[in-house]
Visitor: 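Have a look at this one.
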Amino acid sequence: MVQLPDRVSRLEELAYDLWWSWTPDARNVFRTLDYPLWRLTAHNPVRMLQLMAAETIAQAAQNLTWVAQYDRAIARLDSARAAEHTWCADKCHPVGGRSIAYFSAEFALHQSLPIYAGGLGVLAGDHCKEASDLGVPLIGIGFMYPQGYFHQSLSPEGWQEEIYEKLNWADAPIEPAITPSGKPCVTAVPLGNRTVLVAVWRVRVGRVKLYLLDTDLEENAPWDRELSARLYGGDRETRVQQEIILGVGGVRVLKAMGSEPAVYHLNEGHAAFVVLQRIRDFCEKGWSFDAALEEVRRTTVFTTHTPVPAGHDAFPFHMVEHHLSGAWGDLGAYRERFLALGHYDNGSGPMFNMTALALRTAASVNGVSQLHGEVTKQMWQPMWPGTRYEDLPVKALTNGVHVPTWMSGEIDRLLKKYLGEDWLDHHDDAAFCERVNDIPDAELWAARQSLRAFLFDFIRERAREQWTERAAPSRVVAAGTMFDQNTLTLGFARRFTGYKRPELIFSDPDRLARILNAPGRGVQIVFAGKAHPADEGGKHHLQRIYRRSLDPKFGGRVAFVEGYDLHVAHFLVQGCDVWLNNPRKPLEASGTSGMKAAINGTPNLSIGDGWWAEAYNGRNGWLIEGQADPNDHGAQDWADAQAIYDLLEHQLVPTFYDRDAQGIPRKWVEFVRESIRTVLPQFSARRMVKEYVERMYLPTVNAGSASVQP
Ligand SMILES: *Cc1c(COP(=O)(O)O)cnc(C)c1O
């Protein structure tokens, strides 16, 4: 680490608090400090401080403008951490001085901390950031995966290869977590008939803390050191052990760190073993199993994220029993009763199902969109025999995105100018957002043109890197170098998996080719995304799309950008003209990339599934609605593809290319404006986290303590 001059001695502290990443003043401190290094490190201030020359920083400390910027950022950081005048300061009295523990197997906070795979992680990261902004006393618990999720590399044939690289911990914004007694936190977790030690890293996210569990300690056996190495990288045995570490270990870590959460929020079933350790703790204080279960249920909140069966972890009972054998303690007498809490038979025999465990042990359960709330009820109704459908205890609480994280500088500038410098303070207020109507067409269109240009710079730079590294001409075409800056550009970036139907738009290649290649009114499509390492089908989809990008029939108008991550996502959601989403309904529980796009004026062209079913209003984007029997997948796919072509030919293309004398597509700009105006307030993480506090956390706290006596 470079020696910091006294005048700017807190720069390191700023670099280690991810709060900088969503605060323009703080971002600019690093951005202007050494712009080439900022780009070279993909915006990683911790790494910048490792690499930086002492003279650079010494010079900066003499630069009055930069130092003033630094002072502003530090003052804002202190005030964010103090959280004195936040929304929660007024609201959260019932929580007292206690915290909300938020458990998740992945957190996507920044590309410098690769501990996420996709949407679930982004949601968790956005939840933490917004909790910090609102002053909600949240503590996140997750995993430090030293090898993270994989880097994607495509073979010349377009086959995905997964590269796991050991993270250089000195480059990540993590520090050892220190217990109240001043020692680095190391916690013992019983696993099978042995004990695994878990080290704990702390990540600062403004006011919110995140603890990351790590088994890569010298004291552990080699196979135990590997347990936390990779996110979703192992087999079922690895997975169940990871989940025991997260749940059982996570509760122990909170205790070691001196926290006593008022509420435990399980973000997806992966963390449901939290309830095992908690019931055990009550039993060891002399409570009965029933009283302990009731108290744990009263203080547990559970969010389920997918209607896709493979998304719900289930393990054979013998496997669970084997790995839990050391975890029981005084709960041992109730082993059978505990195991019964996870019992679920989806038709292929009884299994220990993590979602079933969470559903039976949480007082508050929610799906992540209005539609997904209903789908969740239908899917899990057998869990509540005798309960009427309308009384099933499942709420719908729609996802949102952290606006300061996903908002582009260009649109932010316009919002500051026309809604006020403090627009962020009111951004979940729909009436306030009406003022988006005051932004002149010309300025909105100019912002969109700039955002598209940034995307093209990014695509070209990536292509240049590939050319340098691998010197394969075909790759350069596949990477989007033939793209034209003034052509209507669709974006499709998400995990490659069957239900998202990534190849749908190629259903009728000839018709698509005519649309893409129309002279002067063409269309181009940029794809990005990873397939799960074990999803062969997903990899085949990806490969076939890659081949399309090389097919001369499409004239270089189809591109694939490798290595989809938070960094790539920013350029894509902001720079494309239209965000395409065509899942098989109703399998997309929510989807959040479309929200990120919409708040930047990139309207959605989507199936009415997940969030879009409640966001689409006829003027803020387009609805894909092929008419067919939904049980006949082939017919539905064909009908949906035809609907996309019809919309492109008759609506999107004419609207985009119809310009007035000043070169502005007035009707298109209306879609841009309406997209921002309607999605910004309603699909913000601000609205979402407020709802979690009001509908999930506070009722839990207010319900008082257990009615059953210990
Ligand atoms: C937002 C985001 C996702 C989730 O997008 P969906 O629309 O839910 O598929 C996945 N990966 C990255 C990198 C993201 O930024």
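Values below: every heavy atom of this structure, side chains too, minus hydrogens, waters and symmetry copies. The model shown is predicted, which means the values in this text are computed figures rather than measured ones.
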Visitor: Any Lys/Arg nitrogen of R204 or E13 sitting under 4.0 Å from an Asp/Glu carboxylate oxygen of the other?
Guide: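 Here R204 does not pair with E13 in a salt bridge, since their nearest N and O are not under 4.0 Å apart.
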Visitor: Is the NZ atom of K209 crowded by more than 12 outside heavy atoms at less than 6.0 Å?
Guide: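 At most 12 heavy atoms, drawn from other residues, nucleotides or ligands, come within 6.0 Å of this atom.
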Visitor: Taking NZ, NE, NH1 and NH2 as the nitrogens, is one of them in R460 or D457 under 4.0 Å from a carboxylate oxygen of the other?
Guide: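 Between D457 and R460 there is a salt bridge, with a charged N closer than 4.0 Å to a carboxylate O.
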Visitor: Distance only, no hydrogens: is a donor on one side chain within 3.5 Å (strictly under) of an acceptor on the other, for Q370 and T398?
Guide: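 T398 and Q370 do have a side-chain donor-acceptor pair below 3.5 Å.
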Visitor: Any side-chain to backbone donor/acceptor pair from D25 onto R72? Under 3.5 Å, distance only.
Guide: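 Answer holds: no.
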Visitor: Report yes or no: does N600 contribute a side-chain atom to a donor-acceptor pair with the main-chain N or O of W406 at less than 3.5 Å?
Guide: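 Between the backbone of W406 and the side chain of N600 there is a qualifying donor-acceptor contact (under 3.5 Å).
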Visitor: A cation-pi test, strictly: NZ or CZ of R202 under 6.0 Å from the centre of the six-membered ring of Y211 and no more than 45 degrees from its axis. Yes or no?
Guide: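 Here R202 fails the 6.0 Å and 45° test against Y211.
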Visitor: A side-chain contact here means heavy atoms from C-beta on lying under 4.5 Å apart; do C92 and V95 qualify?
Guide: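 A side-chain contact exists here, since the closest heavy-atom pair is under 4.5 Å.
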Visitor: Distance only, no hydrogens: is a donor on one side chain within 3.5 Å (strictly under) of an acceptor on the other, for T303 and N267?
Guide: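 Note: T303 and N267 side chains miss the donor-acceptor criterion.
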Visitor: Taking the six-membered ring for Trp and the full ring for Phe, Tyr or His, determine whether the centres of W622 and Y616 are under 6.0 Å apart.
Guide: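 Ring centres of Y616 and W622 not closer than 6.0 Å.
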Visitor: Which of these, L424, L680, V403, D133, sits in a side chain to side chain contact (heavy atoms under 4.5 Å, CB included) with R686?
Guide: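 In the set L424, L680, V403, D133, the residue that makes a side chain to side chain contact (heavy atoms under 4.5 Å, CB included) with R686 is D133.
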Visitor: Say whether, by atom type as modelled, one donor and one acceptor occur between the side chain of R687 and the main chain of Q682 under 3.5 angstrom.
Guide: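 It does hold such a pair.
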Visitor: Let's go through H127 and Y692 carefully: what are the C-alpha distance in whole Å and the side-chain angles of both, what is the deciding distance for ring-ring contact (aromatic ring centres under 6.0 Å, His included) to 0.1 Å, and is it a yes or a no?
Guide: CA-CA 10 Å; H127 194 106; Y692 272 106; 5.2 Å; yes
Visitor: Measure across I607 and W612 and return the closest heavy-atom pair with its distance rounded to 0.1 Å.
Guide: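 Closest approach of I607 to W612, heavy atoms only: O-CD1, 3.4 Å.
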Visitor: May I ask you to check if K530 and F496 form a cation-pi contact, with NZ or CZ under 6.0 angstrom from the six-membered ring centre and within 45° of the axis?
Guide: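 Geometry flag: not set, cation outside 6.0 Å or 45°.
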